[in-house]
Every structure is written in C-alpha cells, then in structure tokens.
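Read the structure below first, then the notes.
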Amino acid sequence: MQYFPVFIDLDNKPVVVVGGGEVATRKVSLLLRTQAQIHVIAPTLSPELAQLHDQTRIQWQRLSLCQNNDASWLPSGTSMVFMATNDTDLNRYWAKQLGNSSALINVVDDPSWCDFITPAIVDRGKLQVAISTAGAAPVLAGQLRAQIEQSLPSSSAQLMEFVASQRTSIQQQLSAGERRLFWQRFFAANGRGYSAATQQTFTELLASASFKQAKAQLYLWDIAQDPHSLPLWMLEKLVNVDIVVGANDLPEQLEVYIRRDAERQLVVDVQCLRELYHQNMSIICFADTTKINEIALDFSSAVVVKGGTPALPCDHPNMPKTLHR
Ligand SMILES: C[C@@]1(CC(=O)O)C2=NC(=C\c3[nH]c(c(CCC(=O)O)c3CC(=O)O)Cc3[nH]c(c(CC(=O)O)c3CCC(=O)O)/C=C3\N/C(=C\2)[C@@H](CCC(=O)O)[C@]3(C)CC(=O)O)/[C@H]1CCC(=O)O
Ligand SMILES: NC(=O)c1ccc[n+]([C@@H]2O[C@H](COP(=O)([O-])OP(=O)(O)OC[C@H]3O[C@@H](n4cnc5c(N)ncnc54)[C@H](O)[C@@H]3O)[C@@H](O)[C@H]2O)c1
C-alpha cells in the first residue's frame with residue numbers, strides 16, 4: 001500500500017488551492033463539503049469559483065504566483081495545499097518549497113510530488129466511501145464510485161444520523177458482544193437506507209433480545225449436486241442467511257430462495273470465512289467438492305448439506321420460466 005487511507009478533520013482549518021481552473025474548481029467543490037476555510041490563489045477564477053467568492057464561501061487572493069515570491073501568500077496554520085495550476089514547473093517548485101511546512105501537499109499533475117492524493121468519494125454524510133487507485137486509473141476510481149453510489153441510497157446519510165443518535169444508549173444497555181450482534185441484526189433487517197420503518201425495526205429488535213441468541217452457522221453446499229436436491233429443511237436457512245460465500249457458484253435455481261439483502265462474497269476465501277464465522281454469522285457457502293472438503297476439515301461444526309431426492313418445488317413464483325420443467 002503506497003498511500004495510507006485516513007480521514008482528516010478540516011473543521012475551521014485553512015486549506016489553499018493554487019489555480020482557478022477546472023481541476024481547482026473540482027477540488028474546491030470537494031472541500032466545500034467540509035468546514036475548512038478555503039483560500040484560492042489565482043490570477044483568474046472559473047465562473048463557479050467566482051460565484052462562490054461572491055457568496056463569500058471561499059476567499060480569493062488575486063495573484064499569479066512566481067518562483068521568486070516569498071511564502072507570505074500561505075495563510076498561517078494551513079493544513080493542505082493543492083497545487084492546481086496548469087504550470088507544471090510552478091506546481092513542482094512550490095511543492096518543493098513547502099516541503100518543510102506543516103501543510104500536506106497535493107500536486108494535481110504529478111503524483112510523485114504529492115504528500116496525499118484525493119480519492120473518488122461516495123458521500124452519505126457520516127458514511128464516506130473513498131476509492132483510490134494510487135493515481136493509476138482515476139477514471140476507474142470514478143466508475144467504481146458510480147457503482148457504489150447505486151448500492152447506497154441517499155437516505156443512508158439519515159440512517160447514519162439515526163444510528164449515531166442511538167449509539168451511546170446501546171453502549172449503555174448492551175455488552176460489547178451483544179452490541180455487535182445487535183448492530184449486525186439491525187442492519188440486516190433494516191438495510192442501508194432510512195425509512196418510516198427504521199425506528200420500529202430498531203425498537204422491536206432491542207425489545208425482543210433475539211439477537212442475543214445468534215450463533216454462527218456454516219452450511220456447505222457442493223455445487224456438483226443437483227440444486228433441486230437441496231433438502232427442504234434448508235429453505236428456512238436460506239431465507240435467514242446473513243451471507244452467501246462463493247456467490248459466483250450459487251446455482252440460479254437457488255437464488256430465489258436466498259434473502260434478498262443477504263450479503264454476497266463472490267469467491268470463497270477461507271480466511272474471510274473464518275472472520276465471518278467468528279462474527280456469529282449464518283453463512284452458506286457454495287464451492288466444488290475439493291474446496292468443500294477442505295473447509296469441512298477446518299470448521300468442525302460446519303454442516304455439509306447432502307442432496308436427497310429432488311424435493312424443491314419447480315414452480316416457485318419467482319423461478320425463471322426457463323427452469324420450469
Ligand atoms: C478521483 C479524482 C478525484 C478528484 O479529482 O477530486 C481524481 N481524478 C479524477 C478524475 C480525472 N483525473 C484525470 C482525468 C482524465 C483522464 C486521465 O488522464 O486518466 C480524470 C477523469 C475526469 O476528469 O473525469 C487526469 C489526471 N489525474 C491525475 C493526473 C496526473 C498524473 O496522473 O500524473 C492526470 C493526468 C493529467 C494530464 O494528463 O494532463 C492525478 C490524480 N487524480 C486524482 C484524483 C489523484 C489520484 C486518484 C486515484 O487514486 O486514482 C491524483 C494522483 C492527484 C489528485 O488529483 O489528487 C477524479 C475522479 C472523481 C470521480 O469521478 O469521482
Ligand atoms: N488531478 C486531476 O484530477 C487532473 C485532471 C485533469 C488534469 N489535471 C492537470 O491539472 C492541471 C490543471 O488543469 P485545469 O484543467 O484546471 O487547467 P486550467 O487551464 O483550466 O486552469 C489552470 C488555472 O491555473 C491558474 N494559473 C496559471 N498560472 C498560475 C500561477 N502562476 N499562479 C496561480 N494560478 C495560476 C490559471 O489562472 C487557471 O485558473 C493541468 O496540468 C492538468 O494536466 C489534473
């Protein structure tokens with residue numbers, strides 16, 4: 001890992017963007033989501049930046065920096081500097097000059113001069129997802145952002161506010177182990193958004209205390225078996241499963257029986273499986289015979305599910321038509 005991901009508190013801290021063009025504008029619009037004091041140093045501003053300046057949301061020093069300036073343009077206590085001009089030499093020169101200051105430096109046209117780089121960001125209030133490719137492929141970072149955006153409803157931000165407001169009370173009422181189980185069950189039941197039902201789901205789960213009885217369960221299904229031979233008792237397990245491991249190998253015929261918001265891990269990773277098991281998850285794992293045998297040796301309490309006489313109904317209402325016999 002070349003770049004270590006951290007989240008920095010910029011509340012009330014001066015941050016400087018040198019340059020007033022397209023890239024500078026993009027960095028400023030990110031910074032505007034924080035409470036940083038934003039200073040722009042440039043001879044001219046893009047229309048968006050000019051408007052922000054008119055609204056006093058940013059401060060502007062109208063200045064064309066040169067190499068023989070002293071550093072008096074830099075506000076004292078500056079946390080970060082973005083060198084975002086289109087003059088590569090100037091960007092590098094000031095990155096070097098400011099190397100001994102306490103500010104972290106970003107040079108938009110040269111990662112090798114950067115103390116830090118800016119990731120693509122999915123912003124859901126307290127929930128922030130940051131994606132970086134270490135500068136290798138910013139476009140891919142943007143594409144991944146767009147995918148993650150789709151999996152997190154905008155009400156996730158409200159959910160985070162709700163959860164944060166309940167956190168201390170849950171800490172006071174439940175032991176550390178219970179808290180983890182409670183939050184696992186809560187997010188599994190509620191999903192990632194906030195709705196009219198969220199408060200009720202929360203209150204009912206807390207009152208029922210059912211989460212305290214959660215125990216790890218691991219079911220192993222050898223994909224060499226006919227999916228229709230899955231025993232009926234397994235249906236209830238599939239409906240309640242927390243996580244599907246090896247979802248790449250999940251037979252299409254069984255897909256409809258699995259809880260829609262169950263988490264999915266596409267490939268089987270035994271280390272991951274161990275972690276999930278220790279989190280008391282209910283897991284179903286799909287893999288080939290060799291892998292199933294290997295996992296069964298590792299987890300003495302795993303249930304290797306044996307297929308029987310084909311018993312699953314082939315007329316499930318959600319079953320794809322092509323699967324009807
Ligand atoms: C993520 C994002 C955030 C943001 O900008 O806030 C971001 N770049 C984005 C877009 C983007 N950047 C570029 C293109 C044109 C296509 C292309 O050339 O690939 C596009 C596409 C577009 O504009 O849509 C060109 C480019 N970028 C850099 C260089 C210099 C170099 O590589 O040497 C050049 C060549 C300049 C030239 O050739 O002139 C450098 C950096 N860009 C970074 C971040 C940092 C590494 C992040 C990472 O870890 O990947 C880093 C190292 C420094 C930094 O900026 O902090 C944002 C996507 C936001 C989103 O979609 O959500
Ligand atoms: N990091 C990224 O994501 C990314 C993406 C695309 C391009 N780039 C690179 O970023 C650089 C800037 O791109 P852009 O599209 O914003 O350019 P741009 O031409 O839109 O803007 C350049 C800005 O720099 C200002 N400037 C020029 N000389 C200056 C000086 N001496 N002092 C202060 N300000 C000065 C100009 O007034 C202008 O506002 C380019 O080198 C480009 O290759 C980076």
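Atoms within each ligand, like the ligands themselves, are counted from 1 in listed order. Heavy atoms only: backbone and side chains are in, while hydrogens, waters and symmetry mates are out.
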Practice problem: Identify the two heavy atoms, one from Lys306 and one from Trp221, that lie closest to each other, and give their separation to 0.1 Å. | Solution: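 Shortest heavy-atom contact: C-CZ3, 4.4 Å.
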Quiz prompt | Over all atoms of both residues, closest heavy-atom pair of Leu218 and Phe299 | solution =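 Heavy-atom minimum between the residues: CD2-CG, 3.6 Å.
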Considering only non-hydrogen protein atoms, determine which one is nearest to [atom] and report residue, atom name and distance to 0.1 Å.
{"atom": "atom 23 (O) of ligand 1", "value": "Arg26 NH1, 3.1 Å"}
{"atom": "atom 31 (N) of ligand 2", "value": "Leu65 O, 2.8 Å"}
{"atom": "atom 9 (C) of ligand 2", "value": "Asp109 CB, 4.0 Å"}
{"atom": "atom 2 (C) of ligand 2", "value": "Arg26 NH2, 3.6 Å"}
{"atom": "atom 21 (O) of ligand 2", "value": "Gly21 CA, 3.2 Å"}
{"atom": "atom 24 (O) of ligand 2", "value": "Thr85 CA, 3.3 Å"}
{"atom": "atom 13 (O) of ligand 2", "value": "Val23 CG2, 3.6 Å"}
{"atom": "atom 44 (C) of ligand 1", "value": "Thr118 O, 3.2 Å"}
{"atom": "atom 20 (O) of ligand 2", "value": "Glu22 N, 3.1 Å"}
{"atom": "atom 1 (C) of ligand 1", "value": "Ala120 N, 3.5 Å"}
{"atom": "atom 27 (C) of ligand 2", "value": "Asn86 OD1, 3.3 Å"}

Self-check item: Full working for side-chain contact (heavy atoms from CB on, under 4.5 Å) between Arg192 and Phe187
Solution: CA-CA 7 Å; Arg192 295 162 181 168; Phe187 289 114; over 6 Å; no
Quiz item: For ligand 1, which atoms sit closer than 4.0 Å to a heavy atom of Ser132?
Solution: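 Per the distance check, 48 (C), 49 (O).
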Practice problem: Would you mind running through ligand 1 and noting each atom that sits below 4.0 Å from a heavy atom of Thr133? | Solution: 48 (C), 49 (O), 50 (O)
Please work out which of [options] has its closest non-hydrogen atom nearest to [atom].
{"atom": "atom 30 (C) of ligand 1", "options": "Val107, Val108, Ile131, Leu30", "result": "Val108"}
{"atom": "atom 32 (O) of ligand 1", "options": "Pro119, Pro111, Ala141", "result": "Pro111"}
{"atom": "atom 34 (N) of ligand 2", "options": "Ser64, Gly135, Pro43, Ala84", "result": "Pro43"}
{"atom": "atom 25 (C) of ligand 2", "options": "Pro111, Gly19, Ser46", "result": "Gly19"}
{"atom": "atom 61 (O) of ligand 1", "options": "Gln143, Lys27, Arg145", "result": "Arg145"}
{"atom": "atom 42 (N) of ligand 1", "options": "Ala130, Cys114, Pro138, Ala137", "result": "Pro138"}

Looking only at distances, can you tell me whether any N or O atom of [X], backbone or side chain, sits closer than 3.5 Å to an N or O atom of ligand 2?
{"X": "Gly20", "result": "yes"}
{"X": "Leu90", "result": "no"}
{"X": "Val108", "result": "yes"}

May I ask you to check whether [X] and [Y] place their ring centers less than 6.0 Å from one another?
{"X": "Phe82", "Y": "Phe116", "value": "yes"}
{"X": "Trp113", "Y": "Trp94", "value": "no"}
{"X": "Phe202", "Y": "Phe186", "value": "yes"}

Quiz item: Do any N/O atoms on Asp110 end up under 3.5 angstrom from N/O atoms on ligand 1?
Solution: no
Exercise. Please determine if Val139 has a nitrogen or oxygen closer than 3.5 Å to a nitrogen or oxygen of ligand 1.
Key: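 There is no such contact.
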Quiz item: Is any side-chain heavy atom of Gln279 closer than 4.5 Å to a side-chain heavy atom of Leu276?
Solution: yes
Any non-hydrogen atom of [X] lying under 4.0 Å from ligand 2?
{"X": "Pro138", "answer": "no"}
{"X": "Thr44", "answer": "yes"}
{"X": "Thr88", "answer": "no"}

Quiz prompt | CD on Gln67 to CZ on Arg92, rounded to 0.5 Å | solution = 11.5 Å
Quiz item: Which distance, rounded to the nearest 0.5 Å, do you find between the CG of Leu31 and the CZ of Arg26?
Solution: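 With rounding to 0.5 Å, CG (Leu31) is 12.5 Å from CZ (Arg26).
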[X] and [Y]: side chain donor to acceptor below 3.5 Å:
{"X": "Asn12", "Y": "Gln35", "answer": "no"}
{"X": "Asn91", "Y": "Asp109", "answer": "yes"}
{"X": "Gln147", "Y": "Ser151", "answer": "no"}
{"X": "Lys237", "Y": "Ser282", "answer": "no"}

Quiz item: Under the side-chain hydrogen bond (donor to acceptor under 3.5 Å, both in side chains) test, which residues partner Arg167, sequence neighbours left out?
Solution: none
Quiz item: For ligand 2, is any non-hydrogen atom under 4.0 Å from Thr118's backbone (N, CA, C, O), its side chain (CB onward), both, or neither?
Solution: neither
Self-check item: Stepwise side-chain contact (heavy atoms from CB on, under 4.5 Å) test for Thr85 and Leu65
Solution: CA-CA 10 Å; Thr85 79; Leu65 268 193; over 6 Å; no
Quiz item: Which pairs pass salt bridge (charged side-chain N to carboxylate O under 4.0 Å, His left out) with one or both residues in residues 272-292, sequence neighbours excluded?
Solution: Arg274-Asp298
Quiz item: Does atom 42 (C) of ligand 2 have a protein heavy-atom neighbour under 4.0 Å away?
Solution: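 Looking at atom 42 (C) of ligand 2, one finds that no protein heavy atom lies closer than 4.0 Å.
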Exercise. Pick one of side chain, backbone, both or neither for how Asp109 approaches ligand 1, counting any non-hydrogen atom pair under 4.0 Å.
Key: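 It is the backbone that gets close, since no side chain atom is under 4.0 Å.
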Quiz item: Should Leu297 and Val303 be counted in the same cluster of Ile, Leu, Val, Met, Phe, Trp and Tyr side chains packed under 4.5 Å apart?
Solution: no
